[in-house]
Amino acid sequence: MDYQLYTLSNGIRIMYKYAPSAITHCCLLVNAGSRDEQHNKEGLAHFIEHLLFKETERRNTSQILNRLELVGADLNAYTTKEYTCIHASLLNPYLERTIDLFEDIVFHSTFPEDELEKERGVIHDEIASYLDLPEEAIQDDFEELLFKDHPIGKNVLGTTETVGILSRDDMKQFITANYNTDEIVFAVFGDYNFKKVIKLTDKYFGNIAPNHSKKIRVTPVHNVSSKHIVHKPISQTHCIIGNQAYASSHDKKTGLMLLNNLLGGMGMSNRLNLEIREKHGIAYTIESNYTPLTDTGIFSIYYGTDTEKADKASRLVHKELKKLREQRLGTLQLHQTKQKFIGQIALAEENRMSLIISMAKSLIDFNYVDTLPQIFEKINKVTADELLAISNEIFDESKMITLLFEPK
C-alpha cells in the first residue's frame, strides 16, 4: 500500500499519504449525499454543506472563513449524490489549524435561523444559475428520466420548492441519520510523520461520539427506452443520450471506463470528437461520461449543435455506438486505447487534491485503495471480447434514453 491508515475509537478513519512538498491537501469525506434524502426533502444534503461554513458553537461565519484564508489556505466543499466532501489546501505548518476547523464545522455547526434564511436565498440563486445553463440543466433532467421516481434521479441542489421549506430540524435529523462516524474518512496528503497525524486527529476527532446508525439505500430499477424533447429559449439544440450502467464494484467497470475513454473521454483524439467535430464540424462540444455509483452507474453522451445539424449529429453518434457493438477492436487498437488511458490516469495523479479525495472514496466504498500498478493491471486484463460484450449491453439503442433541448 502507498498510504497509511488508522481508525479512531469512534470509527472515523484517518488516511495518510506521504508527499515531499510544502503543500498539504486534505479532505473530510462523509458517506452521505442527495440520494439519502427523503421525499420532498431534496436539496437537504447540499443545504447542510453550505451551512457548515456559517456558524458553530465556537465560531461565527467570519471566523470560520478567515481561519484558513488568513494563512493563504484554500477551503471548499461539495455535495454529490452519495458524498459530502470538505477539503482544503494549505501550507504544512497549518495542519492542526485545519483539523481543528474541520472538526468544528462538521460536528458543531448550529444552523442559526438567520443564516439559514440567507443561505436559502443563495441556493435559490444557484438553482436559477444552473437553469440558465442548458448544458448543465440537461444533465440533471436526463438523470431524472434515467432514475425516474428514485432519489438518485433528483437534482443535488433540490428545487426552489423543496429548498424553500427545509428547516433546521430537517438538517439535524439528516446528520443524525447519515453522518455515521464509521463512514467518515479524514485524508491527508502531505509531508508529516504519521504519528503526528494520528496525534492531531485523535486530539480533535477522538472525542466525537460514535454514531453507527445504518442507512438504507434502495437500488434503482432499470427504466425503458424513451425520447423526450423540451423546447426552451435557447439558440442551439442540446442533446444527451445514455443508459444506466455498472456500479463501482462491478467486474465490468474497468472495461466500460476504457470504452468511455475511447468513445468520448479526455483529449481531442476520441472517436466522437474526431468524427463529429473534426471531420464534420457540426459540434463544438461533444463528450461521453461514465459515473459509477455504489449500486448503479450513469453513462451518457452530450453534444450541443445548431438545430439544423442536430439530426446529422445524432446519426453520427449512433453510428459510432454501432461500430463498437459490431466491430471487435483489433490488437493494435486495443493496445493504443489501453496505453492512452493508463497515461491519463498516471498524469491525473499530479492533481493531488483529486487523488486524495478519490482514495478516500475508495476506502469508504471498498475498504481498500488500489495502487497504480494494480489499476494498470486491471486495464491490461480487459479483452476485446469483453469490450464487445459491454458495448452490446450498455450501448444498446433499445435501452437508451434520449433528451433534447430545442430552441422555441
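No experiment lies behind these values; they were computed from the predicted model shown.
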Steps toward side-chain contact (heavy atoms from CB on, under 4.5 Å) verdict (Y78, H87): CA-CA 9 Å; Y78 65 86; H87 56 88; 4.0 Å; yes

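- Between the side chain of E49 and the backbone N or O of T79, at least one donor-acceptor pair lies under 3.5 Å.
- When only modelled atom types and interatomic distance are considered, Y204 and E96 share a side-chain donor-acceptor pair under 3.5 Å.
- Enclosure of atom NE2 in H39 is not indicated, since only 12 or fewer non-hydrogen atoms of other residues, nucleotides or ligands lie within 6.0 angstrom.
- Look at E397 and K322 and you find no salt bridge, because none of the NZ, NE, NH1 or NH2 atoms lies under 4.0 Å from a carboxylate O.
- Contact of the Q339 side chain with the I342 side chain is registered, since non-hydrogen atoms from C-beta on lie closer than 4.5 Å.
- More than 12 non-hydrogen atoms from other residues, nucleotides or ligands lie less than 6.0 angstrom from CZ of F194.
- Of the candidates T61, L101, L75, L75 is the only one forming a side-chain contact (heavy atoms from CB on, under 4.5 Å) with F53.
- Relative orientation of the F395 and F299 rings is tilted, given thresholds of 30° and 60° on the angle between their planes.
- Listed here is the closest heavy atom pair of G206 and S9: O-OG, 4.2 Å.
- The CZ atom of F174 sits 6.5 Å away from atom OH of Y179, with the distance rounded to the nearest 0.5 Å.
- Summarising the geometry of Y246 relative to Y290, their closest heavy-atom pair is O-OH, 2.8 Å, with the distance given to 0.1 Å.
- Comment: K41 does not engage D36 in a salt bridge, judged by the lack of any side-chain N to carboxylate O separation of less than 4.0 angstrom.
- To the nearest 0.5 Å, atoms CG (N223) and CG (N243) are separated by 10.0 Å.
- The backbone N or O of G190 lies less than 3.5 Å from a partner atom in the side chain of Y16, making a donor-acceptor pair.
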side-chain contact (heavy atoms from CB on, under 4.5 Å) between M15 and V188, intermediate numbers included: CA-CA 6 Å; M15 173 187 282; V188 179; over 6 Å; no

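- Using a 4.0 Å cut-off between charged nitrogen and carboxylate oxygen, E119 and K54 count as a salt-bridge pair.
- For the atom pair CG of L95 and NZ of K196, the computed distance is 6.5 Å after rounding to the nearest 0.5 Å.
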Criterion side chain to side chain donor-acceptor pair (under 3.5 Å) on S288 and N260, from CA distance to verdict: CA-CA 6 Å; S288 65; N260 175 68; 2.7 Å; yes

Worked check of side chain to side chain donor-acceptor pair (under 3.5 Å) between Y6 and T201: CA-CA 10 Å; Y6 182 80; T201 51; over 6 Å; no

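- The number of heavy-atom neighbours closer than 6.0 Å to NZ of K215, taken from other residues, nucleotides and ligands shown, is above 12.
- Not a single donor-acceptor pair under 3.5 Å links the side chain of S109 to the backbone N or O of F111.
- Here the side chains of D295 and P220 are in contact, with some heavy-atom distance below 4.5 Å.
- Residue Q236 comes nearest to T307 through the heavy atom pair C-OG1, 4.3 Å, listed as atom of the first residue, atom of the second, then distance.
- Contact annotation: the side chain of K279 never approaches that of L274 to less than 4.5 Å [non-hydrogen atoms, C-beta and beyond].
- Between T305 and I276, every side-chain heavy-atom pair lies at or beyond the 4.5 Å cut-off.
- Although no hydrogens or angles enter the test, the distance criterion places no donor-acceptor pair under 3.5 Å between the side chain of T56 and the main chain of I105.
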Pair V106-I208, side-chain contact (heavy atoms from CB on, under 4.5 Å): steps then yes or no: CA-CA 11 Å; V106 174; I208 299 300; over 6 Å; no

Working for side chain to side chain donor-acceptor pair (under 3.5 Å), residues S398 and D396: CA-CA 5 Å; S398 68; D396 183 348; 2.8 Å; yes

Check against side chain to side chain donor-acceptor pair (under 3.5 Å), N10 and T181: CA-CA 6 Å; N10 53 23; T181 50; 5.2 Å; no

Distance-only donor-acceptor pairs under 3.5 Å for side chains of residues 311-321, two or more places apart:
residue : atom : partner : partner atom : Å
K312    : NZ   : H280    : ND1          : 3.4
E320    : OE2  : K323    : NZ           : 3.3

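- A distance of 8.5 Å separates OG in S213 from CG in D182, rounded to the nearest 0.5 Å.
- The CZ atom of R277 lies 13.0 Å from the CG atom of L272; values are rounded to the nearest 0.5 Å.
- Contact of the C26 side chain with the T98 side chain is registered, since non-hydrogen atoms from C-beta on lie closer than 4.5 Å.
- Between R59 and D100, at least one side-chain N (NZ, or NE/NH1/NH2) sits under 4.0 Å from a carboxylate O, which counts as a salt bridge.
- A donor atom on one side chain and an acceptor atom on the other are not found under 3.5 Å apart for T285 and E135.
- Counting heavy atoms from C-beta on, the side chains of K340 and M266 never come closer than 4.5 Å.
- Residues E144 and N155 are not in side-chain contact: their nearest non-hydrogen atoms beyond the backbone lie 4.5 Å or more apart.
- Between L29 and A360, the closest heavy-atom pair is CD2-C, 3.7 Å.
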Verdict with reasoning, Q244 to F147, per side-chain contact (heavy atoms from CB on, under 4.5 Å): CA-CA 8 Å; Q244 289 186 28; F147 300 103; 3.5 Å; yes

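- A salt bridge links K378 to D370: one of the charged nitrogens lies within less than 4.0 Å of a carboxylate oxygen.
- Here the CG-OG1 distance, from L262 to T337, works out to 4.5 Å after rounding to the nearest 0.5 Å.
- Annotation: side chain of Y302 is not in contact with side chain of N289 (no heavy-atom distance under 4.5 Å).
- A pairwise comparison of heavy atoms in Q63 and R58 identifies OE1-O, 3.9 Å as the closest pair.
- In terms of modelled atom types and a separation under 3.5 Å, the side chain of S391 and the main chain of L387 share a donor-acceptor contact.
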